[in-house]
Amino acid sequence: MTVKEVCEVTTVHEEVVSRVQKALPDMGAAVAIFKALADETRLKIAFSLTLEEEMCVCDVAAVIGSSVATASHHLRYLRQQALAKSRKKGKMVYYSLADDHVHQLVKVAHEHTIEGVGHGNG
């Protein structure tokens, strides 16, 4: 049985629409998070930081196969979007995910893909 992608009749449920519109927050900040993680390199970096609590810029560069400058650029972007944080220890800069919410977001996205959900089957 194939499910059609659109309703066969047009009926707007005003109460539902009104309730949802009133509860719908400004999504700008959430959009910025997803934009930051929509880049494959940045998502690899974020996922790497779910595996290791903290990594130096040089190690991140080695993991993603880039220059230190490129890794630093991506890490800085993640920090600017409040997805990562950094600390300097001597001459080294170490990055970690900003908080457990970011950790969960990255892990759940990965789990969702490996379960095969989102491929039009569910």
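With sequence neighbours excluded, no residue satisfies side chain to side chain donor-acceptor pair (under 3.5 Å) with Thr11. Partners of His101 according to the ring pair (Phe, Tyr, Trp, His ring centres under 6.0 Å) rule, which considers only residues two or more places apart in sequence or in another chain, do not exist here. Listed by chain and number, the residues in a salt bridge (charged side-chain N to carboxylate O under 4.0 Å, His left out) with Lys85 amount to none (sequence neighbours excluded). For Thr10, there are no side-chain contact (heavy atoms from CB on, under 4.5 Å) partners, not counting sequence neighbours. Here Gln80 pairs with nothing under the side chain to side chain donor-acceptor pair (under 3.5 Å) rule; sequence neighbours left out.
When hydrophobic side chains of Ile, Leu, Val, Met, Phe, Trp and Tyr are connected at separations under 4.5 Å, Val17 ends up clustered with Val12. Under a 4.5 Å side-chain heavy-atom cut-off, the cluster of Ile, Leu, Val, Met, Phe, Trp and Tyr residues that includes Met92 is completed by Tyr94. Residues Ile33, Phe34, Leu37, Leu43, Ile45, Phe47, Leu49, Leu51, Met55, Val57, Val60, Val63, Val68, Leu75, Leu78, Leu83, Val93, Tyr95, Leu97, Val102, Leu105, Val106 make up the rest of the hydrophobic cluster containing Ile64, defined by ILVMFWY side-chain heavy atoms closer than 4.5 Å, directly or through other members.
The salt bridge (Lys or Arg N to Asp or Glu O under 4.0 Å) contacts involving residues 35-49 comprise Glu40-Lys44, where partners must be two or more places apart or lie in separate chains. Sorted pairs that involve residues 18-33 and meet side chain to side chain donor-acceptor pair (under 3.5 Å), not counting sequence neighbours, are lacking altogether. Within the structure, ring pair (Phe, Tyr, Trp, His ring centres under 6.0 Å) pairs that include any residue of residues 50-79 do not occur (at least two apart or interchain). Listed by first and then second residue, the side chain to side chain donor-acceptor pair (under 3.5 Å) pairs that reach into residues 47-58 are Glu54-Arg87, sequence neighbours excluded.
Taken from NE2 in His110 to CD in Glu115, the straight-line distance is 10.0 Å, to the nearest 0.5 Å.
Ala82 approaches Ala98 most closely through the heavy-atom pair O-CB, 3.3 Å. Closest non-hydrogen pair, Ala71 versus Ser66, comes out as N-OG, 3.6 Å.
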